[in-house]
Amino acid sequence: MDKIRMTTPLVEMDGDEMTRVIWQMIKDELLLPFIDLKTEYYDLGLENRDKTDDKVTVDSADAIRKYGVGVKCATITPNAARVEEYGLKQMWKSPNGTIRAKLDGTVFRAPILVKGIDPHISHWTSPITIARHAYGDVYKASEMKIDRPGKAEIVFTDSDGNETRKLIHEFDGPGVVQGMHNLDSSIESFARSCFNYALDTRQDLWFASKDTISKTYDHRFKDIFAEIYEKDYRDRFEKAGLTYLYTLIDDVVARVIRSNGGFIWACKNYDGDVMSDMLATAFGSLGMMTSVLVSPDGKYEYEAAHGTVQRHYYKYLKGEETSTNSVATIFAWTGALRKRGELDGISELVSFADRLEKAVIDTIESGIMTGDLASVSTLPGARKVETLEFIKAIRERLQ
């Protein structure tokens with residue numbers, strides 16, 4: 001069989017631990033036999049990030065800006081224990097955060113629905129996509145521990161040296177204080193990415209914050225979304241039969257629980273971090289979520305929405321059997337290949353991505369699945385298989 005040919009490379013970003021092992025299995029079993037795979041490879045494994053002083057992460061983000069589409073394996077964001085374990089020079093930042101900041105993108109995450117992995121909310125019959133702003137808030141915050149009575153203030157000094165001050169709190173004893181920020185330009189990019197993605201996927205868009213309490217910070221998000229929608233998107237949404245809704249986040253949570261799904265829920269950075277994990281669990285599994293970072297100028301980075309599966313990796317190193325879910329990582333590859341095919345006009349590549357996703361879903365719905373899915377499956381006779389066995393079962397259906 002002739003392999004499908006590519007004209008433009010994908011930016012391939014390898015990762016860490018068990019997902020790095022799975023990454024190679026997927027390439028060997030599901031991609032290289034069928035595609036003349038073109039990638040520009042970057043090793044984002046923790047050892048190489050440390051060796052290059054994290055320059056490799058910045059270089060991979062620049063490559064996505066050049067080629068337009070990247071696919072990323074899960075990576076370790078080191079804590080103190082990881083610094084000691086790997087003998088790192090320092091506690092490097094999250095690669096995802098670095099790439100998101102470079103691309104000024106928004107993260108869209110959606111569950112992969114299969115028969116037998118039932119949502120905990122039974123009337124969720126369509127996926128709910130979380131759109132997460134990828135800049136600012138607590139992730140860029142400055143914090144301070146207060147150990148004595150005193151006054152905490154926000155101080156802004158403009159370029160002419162003029163100061164503006166606002167009292168945060170008069171402390172009469174120990175406490176903590178935090179200052180966080182955002183940028184109009186980043187909020188505008190967030191809004192445009194959300195509106196564009198809603199039009200591309202033909203889904204309604206809901207956005208929520210807490211502007212009744214945060215009358216300046218959150219209200220700025222609300223105003224920017226409204227201004228951009230009215231100026232550039234209202235007519236396009238109405239022609240497409242789509243709705244844009246703004247409401248308070250506590251109200252939208254209630255709406256989400258009562259809904260049937262089938263819309264995009266846009267969240268500020270921290271809200272999106274928490275709510276995407278909540279939705280993943282409620283739909284069945286963190287291992288069954290797609291994730292794509294979309295920049296406002298149309299660059300795409302696909303990744304799995306879960307971690308590096310550290311516990312399974314330690315078992316793998318001991319030669320013990322593992323049953324690790326590879327679905328989200330496979331769908332990261334299919335998402336990237338489909339987008340590459342769309343941008344380059346290679347219909348065979350788009351079709352291959354569709355067929356591979358169908359082979360994954362058919363494999364699970366036939367009762368063959370990894371342990372995490374078998375433990376929650378309602379299919380009669382669901383069978384747990386080990387990591388490579390699951391991938392090989394997908395290949396059989398793909399062929």
Side-chain angles (χ1 to χ4, degrees), residues 10-32 37 39 41-50 54 56-57 60 64 70-79 81-82 85-86 88 92-100 107 109 111-112 273 276-277 280-281 285-293 301-337 356-357 360 363-364 369-373 385-395:
L10 290 174
V11 179
E12 177 187 353
M13 293 160 281
D14 212 342
D16 287 300
E17 297 188 321
M18 196 63 202
T19 45
R20 187 183 183 97
V21 175
I22 289 171
W23 191 261
Q24 192 61 49
M25 291 178 181
I26 291 169
K27 288 176 66 177
D28 290 343
E29 295 290 334
L30 301 178
L31 303 180
L32 293 173
L37 192 63
T39 72
Y41 179 85
Y42 293 86
D43 183 359
L44 267 56
L46 189 50
E47 295 97 331
N48 196 48
R49 280 183 273 146
D50 191 62
D54 209 30
V56 65
T57 306
S60 70
I64 296 171
V71 57
K72 180 181 171 295
C73 183
T75 47
I76 295 169
T77 299
N79 55 17
R82 294 294 205 167
E85 178 185 357
Y86 283 86
L88 304 178
W92 301 106
K93 294 179 180 179
S94 160
N96 292 339
T98 298
I99 294 167
R100 289 166 190 167
V107 180
R109 289 183 171 172
I112 302 162
D273 192 0
S276 63
D277 278 8
T281 304
S285 171
L286 265 174
M288 299 289 284
M289 286 285 278
T290 63
S291 182
V292 55
L293 176 72
E301 183 238 10
Y302 295 82
E303 62 179 340
H306 56 69
T308 58
V309 203
Q310 178 185 12
R311 181 173 58 87
H312 285 201
Y313 182 60
Y314 292 159
K315 290 179 66 177
Y316 170 82
L317 290 178
K318 294 176 184 177
E320 298 176 9
E321 182 180 288
T322 66
S323 183
T324 314
N325 190 339
S326 54
V327 172
T329 306
I330 295 170
F331 272 64
W333 274 104
T334 56
L337 290 167
L356 179 49
E357 289 182 0
V360 172
T363 299
I364 296 170
M369 61 194 75
T370 49
D372 61 317
L373 300 181
V385 296
E386 61 90 26
T387 307
L388 183 57
E389 186 181 355
F390 177 64
I391 291 172
K392 284 182 176 291
I394 295 167
R395 179 172 174 172

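Excluded from the calculations below are hydrogen atoms, water molecules and symmetry mates; all remaining heavy atoms, backbone and side chain alike, are included. One is the number of the first residue; the rest follow in order along the sequence.
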Q: Looking at every non-hydrogen atom in both residues, tell me the closest pair between A328 and A305 and how far apart they are.
A: CB-N, 4.5 Å

Q: Should T77 and P95 count as side-chain neighbours, where that means a heavy-atom distance under 4.5 Å?
A: yes

Q: About how many Å separate NE2 of H312 and CD1 of I22, when rounded to the nearest 0.5 Å?
A: 9.0 Å

Q: Quickly, which of V327, I330, V360, I364 forms a side chain to side chain contact (heavy atoms under 4.5 Å, CB included) with I112? Name it, please.
A: V327

Q: With a 4.5 Å cut-off on side-chain heavy atoms, are K93 and R49 touching?
A: no

Q: With L32, which residues qualify under side-chain contact (heavy atoms from CB on, under 4.5 Å), at least two apart?
A: K27, D28, L37

Q: Determine whether R82 and D16 satisfy the following criterion, salt bridge (charged side-chain N to carboxylate O under 4.0 Å, His left out), listing intermediate values before the conclusion.
A: CA-CA 12 Å; R82 294 294 205 167; D16 287 300; over 6 Å; no

Q: Going from OG1 on T281 to CE on M289, what distance comes out if it is rounded to the nearest 0.5 angstrom?
A: 9.0 Å

Q: Crowded around Y86 OH? As in, over 12 foreign heavy atoms under 6.0 Å?
A: yes

Q: Would the distance check show the side chain of T329 and the main-chain N or O of A304 forming a donor-acceptor pair, the cut-off being under 3.5 Å?
A: no

Q: Please report the interatomic distance CD(E12) to OG(S60), rounded to the nearest 0.5 Å.
A: 11.5 Å

Q: Looking only at the side chains, is there a donor atom on one of D372 and T370 sitting less than 3.5 Å from an acceptor on the other?
A: yes

Q: Apply the test side chain to side chain contact (heavy atoms under 4.5 Å, CB included) to residues V309 and N325: give CA-CA distance (whole Å), side-chain angles for both, the deciding distance (0.1 Å), then the verdict.
A: CA-CA 9 Å; V309 203; N325 190 339; over 6 Å; no

Q: Set out, in order, the CA-CA distance, both residues' side-chain angles and the distance that settles side chain to side chain contact (heavy atoms under 4.5 Å, CB included) for Y313 and T308, then state yes or no.
A: CA-CA 8 Å; Y313 182 60; T308 58; over 6 Å; no

Q: Within this structure, what is the CD-OG1 distance for the pair E17 and T75, rounded to the nearest 0.5 Å?
A: 10.5 Å

Q: Tell me if a side-chain donor or acceptor on D50 pairs with a main-chain N or O of L88 at a distance below 3.5 Å.
A: no

Q: Tell me the closest heavy-atom pair linking E357 and G335, and the distance in Å.
A: OE2-N, 4.3 Å

Q: Any side-chain heavy atom of I64 within less than 4.5 Å of one from Y42?
A: no

Q: Which residues pass the side-chain contact (heavy atoms from CB on, under 4.5 Å) test with E321, sequence neighbours left out?
A: E386

Q: Is there side-chain contact between M18 and Y314, with heavy atoms separated by less than 4.5 Å?
A: no

Q: For E29, give me all partners under side-chain contact (heavy atoms from CB on, under 4.5 Å), at least two apart in sequence or on another chain.
A: L388, I391, K392, R395

Q: When you measure from the side chain of S323 to the backbone of V385, do you find a donor-acceptor pair of N or O atoms at a distance under 3.5 Å?
A: yes

Q: May I ask you to test the W333-W23 pair for a side-chain heavy-atom distance under 4.5 Å?
A: yes

Q: Quick one: does M288's side chain get under 4.5 Å of P111's, heavy atoms only?
A: no

Q: OG1 of T334 to OH of Y302: how many Å apart, nearest 0.5 Å?
A: 9.0 Å

Q: Got H306 and T19 here, is their nearest side-chain heavy-atom distance under 4.5 Å?
A: yes

Q: In Å and rounded to the nearest 0.5 Å, what is the CZ to CD1 distance from R20 to I76?
A: 10.0 Å

Q: Is the closest side-chain heavy-atom distance between T98 and W92 below 4.5 Å?
A: no

Q: Pick one: which of L44, L293, V11 meets side chain to side chain contact (heavy atoms under 4.5 Å, CB included) with K72?
A: L44

